[in-house]
Amino acid sequence: MPPAMIGFLQSAFFLVVPLMVVITLIITVHELGHFAAGRLFGVAIDRFSIGFGRALASWRDRRGVEWRIGWAPLGGYVRFALDETVASVPDINDLEAMRTRIVAREGAGAELRYHPFKPLWQRAAISFAGPLANFVLAAALFSLLFATVGEAVSPFKVGAVEGGSPAARAGFQIGDRIVAANGRTLPGYFDLKSYLAYRYDVPMTFDVERAGRTIQLRATPAPVNSASGFGWDQTEGVLGVAIARDGPWGFHRLDPLSAVARGTSQTWDVISTTVFELARVATGKASFDQFHGVVGMARVSGAITQRAIAEAPPDLGDKVAGVLVTLISFTGLLSVGIGIMNLLPLPILDGGHLLFYAYEALAK
């Protein structure tokens with residue numbers, strides 16, 4: 001086989017396979033959220049599919065639900081009985097005709113087994129359960145990393161201040177320890193970097209330890225364009241300080257309870273940051289270029305996999321561990337993003353149905 005073809009196949013493998021695995025996991029968990037809530041409320045369910053297209057395998061459980069594995073592993077879906085899913089909202093005339101057919105066929109009260117006739121709050125809960133499952137997945141993945149790999153420990157202090165930078169104008173000095181921003185604790189350098197990344201042009205108050213006392217400095221991180229490492233440029237907020245280590249850097253493993261608490265906190269941080277950035281985009285304060293579609297996700301997942309393999313130690317087990325850690329982290333971040341995007345008030349998304357249910361509640 002020609003070397004060019006081998007290179008193409010390798011690139012395709014690193015782009016497509018990780019993306020398929022990540023997307024299938026995230027969407028399957030999302031649909032399991034809808035499924036679990038539907039089953040909790042006694043909704044009749046016809047099918048749960050992992051993947052799309054013709055079934056490679058299928059079976060029915062004791063409740064009559066068909067479980068299947070489709071040949072196209074790019075997500076999945078749950079189908080409630082009567083072909084009604086959380087992605088479809090029949091109009092009132094269709095509902096009445098449907099109710100009449102069900103009662104004639106199964107008897108009075110039988111319609112209460114079906115999704116469109118469930119109480120409003122239950123239908124809303126079923127819609128919200130999908131995004132909620134994505135958030136739970138992210139928290140579980142982050143917790144797993146904190147319990148196995150550990151939490152990054154990166155104590156730091158200001159090693160230098162760039163002339164004319166936001167930090168210089170605010171009065172930062174060499175040796176300062178930045179402990180908080182806008183009341184948010186920043187125990188390590190990576191916490192500071194991630195917090196500033198999406199908050200360029202946002203005035204902030206920093207708690208700074210200097211000479212044994214805590215002072216407050218006001219600074220506005222400046223936007224800086226840089227290569228993301230994934231094939232596109234991105235804008236990040238920077239203060240204009242060089243960091244000096246203030247102790248050993250490494251990873252500290254957490255006990256199970258602490259890992260769950262930290263994983264949940266991390267998930268909330270990602271949610272709040274994503275919502276913050278979406279609000280900035282909506283108000284024109286940030287560019288939508290910061291968000292990327294399926295092609296971007298494929299490039300990210302491929303780059304993450306290749307980078308993990310390249311940077312891992314020579315031992316095969318360590319390389320595999322490096323790939324898993326980076327992909328698990330990426331999956332958690334993407335799961336939060338998909339959960340939030342599904343809550344947007346658009347007709348085909350869960351958020352659109354929640355908006356419809358809110359209107360229905362107010363119209364009663």
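The main-chain N or O of Asp201 is never found under 3.5 Å from a side-chain atom of Thr220 such that the two would form a donor-acceptor pair. Between the side chain of Lys118 and the main chain of Leu112, a donor-acceptor pair closer than 3.5 Å is present. Remark: the backbone N or O of Ala261 is not paired with any side-chain donor or acceptor of Ser265 at under 3.5 angstrom. At distances below 3.5 Å, not a single donor-acceptor pair connects side-chain atoms of Thr273 with backbone N or O atoms of Val270. Here the side chain of Ser335 pairs a donor or acceptor atom with the backbone of Asn134 at under 3.5 angstrom. Remark: side-chain polar atoms of Arg253 are paired, donor with acceptor, to backbone N or O of Thr148 under 3.5 angstrom. Without hydrogens or angle criteria, Thr24 side chain to Val21 main chain gives no donor-acceptor distance under 3.5 Å.
The two residues Asp191 and Leu186 come nearest to each other via the heavy atoms O-CD2, 3.7 Å. Here the closest non-hydrogen pair linking Asn182 and Pro203 is ND2-O, 4.2 Å. For the pair Pro155 and Pro248, the tightest heavy-atom approach, listed with the atom from each and the gap, is CD-O, 3.6 Å. Contact between Tyr200 and Arg280 at its shortest, heavy atoms only, is O-NH2, 2.9 Å. Closest of all the heavy-atom pairs between Ile45 and Arg79 is CG2-O, 3.6 Å. Minimum heavy-atom separation, Arg68 to Ser58: CB-CB, 3.8 Å.
Between Leu192 and Phe156 the shortest side-chain heavy-atom distance falls below 4.5 Å. With a 4.5 Å cut-off on side-chain heavy atoms, Leu334 and Ile23 count as touching. In this structure the side chain of Val153 never reaches within 4.5 angstrom of the side chain of Phe251, judged on heavy atoms.
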(request) Could you go through the side-chain contact (heavy atoms from CB on, under 4.5 Å) check for Ile126 and Val43 one step at a time? (result) CA-CA 10 Å; Ile126 291 171; Val43 177; 3.9 Å; yes

(message) Please evaluate residues Leu141 and Leu145 with respect to the criterion side-chain contact (heavy atoms from CB on, under 4.5 Å), reporting the C-alpha separation (whole Å), side-chain torsions for both, the decisive distance (0.1 Å), and the verdict.
(response) CA-CA 6 Å; Leu141 293 175; Leu145 290 178; 5.9 Å; no

(request) Begin from the C-alpha positions of Asp350 and Met341 and carry the test side-chain contact (heavy atoms from CB on, under 4.5 Å) through to its verdict. (result) CA-CA 9 Å; Asp350 298 319; Met341 296 302 287; over 6 Å; no

(message) Determine whether Asp246 and Arg177 satisfy the following criterion, salt bridge (charged side-chain N to carboxylate O under 4.0 Å, His left out), listing intermediate values before the conclusion.
(response) CA-CA 9 Å; Asp246 195 30; Arg177 292 182 176 89; 2.6 Å; yes

(request) List the steps and the verdict of side-chain contact (heavy atoms from CB on, under 4.5 Å) for Phe190 and Tyr195. (result) CA-CA 8 Å; Phe190 297 113; Tyr195 189 71; over 6 Å; no

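For Tyr189, the OH atom is loosely surrounded, since the number of other residues' heavy atoms within 6.0 Å does not exceed 12. Heavy atoms of other residues, nucleotides or ligands lying less than 6.0 angstrom from CH2 of Trp59 number more than 12. Within 6.0 Å of CZ on Arg105 lie more than 12 heavy atoms contributed by other residues, nucleotides or ligands. Within a 6.0 Å radius of CH2 in Trp268, no more than 12 heavy atoms belonging to other residues, nucleotides or ligands are found.
Expressed to the nearest 0.5 Å, how far CZ of Arg210 lies from CZ of Phe172 amounts to 8.5 Å. From Phe206, atom CZ reaches atom CG of Leu217 across 9.0 Å, with rounding to the nearest 0.5 Å. Taking OG of Ser329 as the reference point, atom CZ of Phe142 lies at 5.5 Å (rounded to 0.5 Å). Of the inter-residue distances, the one linking Leu278 atom CG with Thr283 atom OG1 reads 10.5 Å to the nearest 0.5 angstrom. A distance of 10.0 Å separates OG in Ser194 from CD in Glu236, rounded to the nearest 0.5 Å. Of the inter-residue distances, the one linking Gln173 atom CD with Lys157 atom NZ reads 13.5 Å to the nearest 0.5 angstrom.
Residues Leu144 and Phe330 are members of one and the same hydrophobic cluster, defined by side-chain heavy-atom contacts under 4.5 angstrom among Ile, Leu, Val, Met, Phe, Trp and Tyr. In the hydrophobic cluster analysis, where Ile, Leu, Val, Met, Phe, Trp and Tyr join through side-chain heavy atoms closer than 4.5 angstrom, Tyr198 is grouped apart from Leu239. In terms of hydrophobic clustering, with Ile, Leu, Val, Met, Phe, Trp and Tyr side chains grouped at heavy-atom distances under 4.5 Å, Ile328 and Val149 are assigned to a common cluster. Criterion: ILVMFWY side-chain heavy atoms under 4.5 Å apart, direct or through other members. Under it, Ile174 and Ile215 are not part of a common hydrophobic cluster. The cluster map of Ile, Leu, Val, Met, Phe, Trp and Tyr, joined by side-chain heavy atoms under 4.5 Å apart, puts Val260 and Leu137 in different clusters.
Taking the ring pair (Phe, Tyr, Trp, His ring centres under 6.0 Å) definition, one finds that Phe35 meets it with Phe48, Trp67, sequence neighbours left out. For Trp121, the ring pair (Phe, Tyr, Trp, His ring centres under 6.0 Å) partners are Phe41, not counting sequence neighbours.
Remark: the Arg218 side chain and the Thr205 side chain contain an N/O donor-acceptor pair separated by less than 3.5 Å.
A side chain to side chain contact (heavy atoms under 4.5 Å, CB included) with Glu209 holds for exactly one of Asp176, Val179, Ile178; it is Val179. When the options Val336, Val29, Ile26 are evaluated for a side chain to side chain contact (heavy atoms under 4.5 Å, CB included) with Thr331, the one that passes is Ile26.
For Tyr77 and Phe52, the ring centers sit closer than 6.0 Å to each other.
With respect to Glu277 and Arg199, no salt bridge is recorded, no charged nitrogen being found less than 4.0 Å from a carboxylate O. Salt-bridge formation is detected for the pair Glu66/Arg47: a Lys NZ or Arg NE/NH1/NH2 atom is positioned less than 4.0 Å from an Asp or Glu carboxylate oxygen. The residues Arg39 and Asp61 are annotated as salt-bridged, a charged nitrogen and a carboxylate oxygen being separated by less than 4.0 angstrom.
Ring geometry, His353 versus Tyr357: the interplanar angle falls from 30° to 60°, so the pair is classed tilted.
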